[in-house]
Each structure stands twice: as C-alpha cells, then as structure tokens.
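When a residue number appears, it is its place in the shown sequence, counting from 1. Atoms within each ligand, like the ligands themselves, are counted from 1 in listed order. Everything numeric here is computed off the predicted structure, so don't read it as measured data.
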Amino acid sequence: MSVIIKNGRIVTAVDDYFADIYVENETITRIGVDLALPADHTIDATGKLVFPGGIDPHTHFDMPFGGTTSADDFESGTIAAAFGGTTTVIDFAIQTKGESTLKGLDVWHGKAADKATIDYSFHMIVTDMPESRLFELRTLADSGVTSYKLFMAYPGVLYVDDGTLYRTFRQAGLNGTRICMHAENGIVIDEIIKEAIRDGKLTPEYHAKTRPTRMEAEGVHRSIAIAEVAEVPLYIVHLSSADALEQVKLARMRGVDVQAETCPQYLFLDSSMYDGTEAEPFAGAKWVMTPALREKWNQAVLWQGLKQHHLSAVATDHCPFCYNGQWRPGQPAPARPGKELGRNDFTKIPNGAPGVENRMALMYHGGVVEGRLSLNRFVELTSTSAAKTFGMFPKKGTIAVGSDADIVIFDPNRTETISVNNPRTHHMRADYSAFEGFEVKGYPDTVLSRGRILVANGELKTRGGGQFIRRVRCEELLR
Ligand code: URP
Ligand code: ZN
Ligand code: ZN
C-alpha cells in the first residue's frame with residue numbers, strides 16, 4: 001500500500017513548510033517538493049494543514065468506575081478519536097487492589113485487542129504496592145508500560161497513602177520510568193463532603209464546592225516533594241487551576257523534572273456549568289468530573305501556562321457516562337448506567353465526561369484561531385510532547401522520514417458546531433456533548449494511522465487494526 005499526500009502545508013512542533021509526503025505501508029518514506037511517485041491513493045492537500053496524528057495521553061475506555069462502566073469501549077472510543085484527529089491514545093489499565101498489576105495489564109490488553117481502530121498504549125493505575133510486588137514495575141516497563149498513575153483522591157477506591165506513593169515513586173525512578181499523579185487531597189475533600197451531606201447539600205454544584213483548588217495545589221506540592229526525594233520524573237494529570245499550576249511553576253523553576261497536562265474542559269468550561277437549568281437542575285451532573293470545573297478566571301492562567309511551557313500537554317481525560325440512563329420513563333435499564341446514579345446525591349454521580357473527539361478542533365480554534373498559541377505549539381501540545389514524555393517519539397508525534405504515517409489533513413477553513421446532534425462531530429457513545437454548541441473553525445478532514453486511511457469525506461474507511469505501542473523508558477529517550 002502506498003499513499004501520496006500532495007501540496008500540503010506540513011506543520012510539526014518545529015517545522016512549517018510546503019511539501020509532498022510519500023507513505024509506503026505503515027511508514028513515511030519520503031518528503032519532498034513535487035514528488036512524482038506512483039501511489040495507490042493520492043490525497044490532494046492543497047489549502048490544508050498537515051499535522052502529525054494527535055496523541056491523547058489520558059483516556060478511560062471501558063473503565064469500571066463509580067458503580068458503572070465508562071460508555072465508550074476501545075471500539076467506539078478509538079473510532080471517535082480518529083474522527084477528531086487523534087491517532088494514538090494512552091489509556092489507563094487498573095490493578096485490582098491486592099492483585100497483580102500484570103494481571104490488570106492482561107485485562108486491559110483483552111479489552112483493547114481486536115477492538116481498537118487507532119494505536120494505543122497503557123499507563124498502569126497502581127492501587128497498592130507492597131514491597132513483595134515492586135518487581136512487577138520492572139516487568140511492566142519491559143512490556144512497554146513505562147508510566148504509572150497513582151491517586152491521592154477517591155479514598156476507599158483508587159486512593160493510596162503517602163508511603164505507597166513513596167515506595168512506588170522510588171522504584172519507578174530506579175527503573176527509569178515515570179509517575180502520573182492525580183493530585184488532590186482526597187482525605188480532606190472527603191471531610192468537606194461529609195459536612196455538605198450533613199447540611200443536605202446534595203445537588204451537582206456541591207461537587208465543585210467540596211473540592212477547593214487549594215486541595216489540588218496541596219496534592220501537586222506534596223507529590224512533587226515526594227518525587228524529588230524519590231528521584232522520579234513526575235507528570236501531573238488533568239491540572240485544572242491556577243493555584244495548582246503555581247506549584248508546578250515553582251518546582252520547574254527549581255529544576256525539578258515535573259510536567260503537567262491540562263484538558264480542554266478546564267480551558268473552555270467553568271464551574272457555572274454545575275448550576276444546571278431551571279427545567280433540569282440536575283443537568284450539571286454532565287460536568288461532574290474530578291478535578292471539578294473551576295471559576296472562569298482560571299482559564300486565562302492555564303492558556304498562559306500552555307503558551308509559556310509551564311504546562312506540557314493537552315489530554316482529554318475522556319471518561320464518558322450517559323446522562324439519560326435508567327431513570328428515563330418507559331426505557332429499559334441500560335447496560336451501563338450513567339449520571340442518574342447520583343440524582344439524589346452528587347457523591348454518587350460517576351465522575352468523568354466525554355471529549356476524546358473534540359480535543360484537536362477545540363485546541364486549534366481556541367489556541368491558533370483565537371491567537372493564544374502558535375501552530376507549532378498547537379502540534380507540540382496535542383501530539384509531540386506526549387510522544388516524547390511517554391517514550392513514543394519519533395515513531396509517533398512528528399512527520400519525518402521513518403516515522404509512522406499517522407497524519408491528519410486538517411482544513412483550517414472548515415467550520416463545525418460541536419454537538420451531540422452533529423453526526424460529523426459526535427461518534428462517542430455519550431448521549432450528550434460536554435462542549436455542546438461550541439463553534440470551531442478548523443477541522444480534521446482526512447486521518448491516517450500507520451498509512452491506513454481511517455477517515456475521509458466524513459466517513460470511517462477502516463475499522464480495527466489499532467496496535468499496542470510498547471513505550472520506552474525515560475532514560476532510553478535520552479540516548
Ligand atoms: O472525573 C474523572 N476525571 N474521571 C476519571 C478518573 C480520573 O480521575 O482520571
Ligand atoms: Zn485522575
Ligand atoms: Zn483520568
């Protein structure tokens with residue numbers, strides 16, 4: 001199979017030029033002006049931008065959580081990602097407490113294999129780590145899982161104590177791997193939640209009101225301190241507030257190896273979403289996610305953080321739960337109940353929201369079109385940085401000879417209104433869009449993954465065929 005992409009404007013994290021790209025089988029084999037080579041497929045990219053495929057380093061497909069399971073599995077989730085211009089995801093495999101992380105990895109391989117349309121890798125969520133199991137971290141790294149997520153939040157579910165954090169951090173550092181941190185003081189937050197419940201404050205708005213940004217900043221500060229002592233590179237996931245960002249900045253200025261991602265929801269949405277509507281006060285449940293949406297002024301600070309390199313990547317934390325579930329009159333109970341689980345108590349609303357399909361278009365519009373980010377920085381934040389941080393570069397994250405032919409042909413003039421009712425912007429299984437009604441200028445037209453045309457003319461051209469990406473360790477990246 002060969003593909004030639006003609007006359008496009010190729011933009012990577014560092015380049016910006018006009019040329020043709022020649023793809024043989026899975027790989028980019030030539031880049032040049034006026035390439036005259038025979039190809040099975042010719043794509044005319046005149047007037048289009050040609051980006052490396054997006055990389056979303058934070059998704060939760062088929063994830064048991066909050067008394068249910070996220071609505072997208074690896075089939076629907078990776079198809080939706082492809083429509084949105086994302087060609088690689090790093091999802092989170094979960095260790096069942098008391099069991100082997102290696103068993104958890106097998107379970108996630110089973111969920112993804114034969115279902116995924118785009119390439120995928122896994123971080124491992126560590127829920128306990130006795131000394132007797134520390135050896136597993138090296139085995140995971142040898143199998144291509146070179147990053148681990150730990151939680152300071154969700155006591156009784158995913159939370160681990162500081163001793164477990166230190167033990168895992170230390171071993172991960174010795175192995176040359178990276179820690180991903182959900183940084184929020186879940187123990188204090190649980191006490192605040194108890195007070196709210198005692199006072200009968202049970203509506204979705206209290207999800208945000210019981211999770212102050214100080215408790216996120218404290219988690220960021222504490223995890224950085226532990227990582228410094230344990231000598232492990234740290235990556236703060238889903239950073240949501242100016243308060244938390246300040247801690248990252250201070251540490252980076254001291255030379256600490258800490259990076260942080262934010263997500264479109266924290267850049268485009270704010271805590272007023274929890275108010276719901278008069279007709280539907282529970283509607284705020286759609287945005288119950290953790291960390292919570294913040295006061296609007298935080299957005300400008302996060303955008304500045306992206307521009308000034310204090311924040312390193314934009315992920316989605318895609319973790320969708322349907323809004324209209326079993327409570328709907330006359331409907332059978334769905335296999336995967338959703339937000340309605342918390343109709344009478346916000347603490348029972350499954351945490352998370354959809355977004356894997358919307359990230360590239362939102363970031364292009366809010367970043368490039370609205371003048372907050374350069375084109376190169378847009379590519380870096382949506383693709384290259386995650387490839388480098390998580391051991392996939394230069395196979396992924398750039399357009400270069402020898403790289404995988406993961407390519408997005410992006411129409412900078414195409415406008416779309418993101419909506420659950422727009423069949424061009426919504427292939428996720430969630431029954432609502434977190435970004436309903438957002439108008440974006442710029443949208444992916446054609447999407448290739450390892451040379452396979454996945455999406456063209458608004459249609460899915462290839463289903464399945466996504467492969468597991470074995471990632472390398474941080475130290476191997478330096479070689
Ligand atoms: O609300 C969220 N973020 N759900 C997914 C789990 C997590 O904390 O990333
Ligand atoms: Zn998290
Ligand atoms: Zn998450």
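A pairwise comparison of heavy atoms in Glu340 and Pro337 identifies OE2-CB, 3.4 Å as the closest pair.
Using a cut-off of 2.8 Å, one finds that Phe151 contributes no N/O/S atom close to the Zn ion (ligand 2). Cys319 lies apart from the Zn ion (ligand 3) in this respect, since none of its N, O or S atoms is found at a distance under 2.8 Å.
Side chains of Arg359 and Thr86: a donor-acceptor N/O pair is present below 3.5 angstrom, by distance only. Side-chain contact, His318 with Asp72: a donor N or O sits under 3.5 Å from an acceptor N or O. Asp142 and Thr139 share no side-chain donor-acceptor pair at under 3.5 Å.
Rounded to 10°, the angle that NE2 of His60 and OD1 of Asp317 form at the Zn ion (ligand 3) is 100°. Geometry about the Zn ion (ligand 2) gives an angle of 110° between NE2 of His238 and NZ of Lys149, rounded in steps of 10 degrees.
For ligand 1, the atoms closer than 4.0 angstrom to any heavy atom of Lys149 are 7 (C), 8 (O), 9 (O). Each of the atoms 5 (C), 6 (C), 7 (C), 9 (O) of ligand 1 lies under 4.0 Å from some heavy atom of His60. Shown in contact with Gly352 at under 4.0 Å from a heavy atom are these atoms of ligand 1, numbered in order with element: 1 (O), 2 (C), 4 (N). Taking every non-hydrogen atom of His182 and a distance limit under 4.0 Å, the qualifying atoms of ligand 1 come out as 8 (O). Within the listing of ligand 1, atoms 1 (O) sit less than 4.0 angstrom from a heavy atom of Met289. Each of the following atoms of ligand 1 lies closer than 4.0 Å to a heavy atom of Cys319: 4 (N), 5 (C).
Residue-level proximity to ligand 1 for Asp317 is carried by the side chain, the only part with a heavy atom below 4.0 angstrom. Contacts between Phe151 and ligand 1 below 4.0 angstrom, taking non-hydrogen atoms only, involve the side chain exclusively.
The Zn ion (ligand 2) lies closest to atom ND1 when only the N/O/S atoms of His182 are considered. When the Zn ion (ligand 3) is compared with the N/O/S atoms of His58, atom NE2 turns out nearest.
Counting heavy atoms from C-beta on, the side chains of Phe282 and Pro204 come closer than 4.5 Å.
Using the six-membered ring where Trp is involved, Phe390 and Tyr235 have ring planes that are perpendicular, over 60° apart on the 30 and 60° scheme. Using cut-offs of 30° and 60° for the angle between ring planes, the Phe438 and Phe435 rings count as perpendicular. By the 30° and 60° cut-offs, the orientation of the rings of His207 relative to Phe346 is perpendicular.
Between Tyr206 atom OH and Asp345 atom CG the span is 13.5 Å, to the nearest 0.5 Å. Expressed to the nearest 0.5 Å, how far CD1 of Ile236 lies from CD of Glu184 amounts to 11.5 Å.
Taking the six-membered ring for Trp and the full ring otherwise, Tyr364 and Tyr443 have centroids separated by 6.0 Å or more.
With hydrogens left out, the protein atom closest to atom 1 (O) of ligand 1 is Thr290 N, 2.8 Å, a heavy atom. Among all protein heavy atoms, the one lying closest to atom 4 (N) of ligand 1 is Asn351 O, 3.0 Å. Among protein heavy atoms, atom 8 (O) of ligand 1 sits closest to Tyr154 OH, 2.8 Å.
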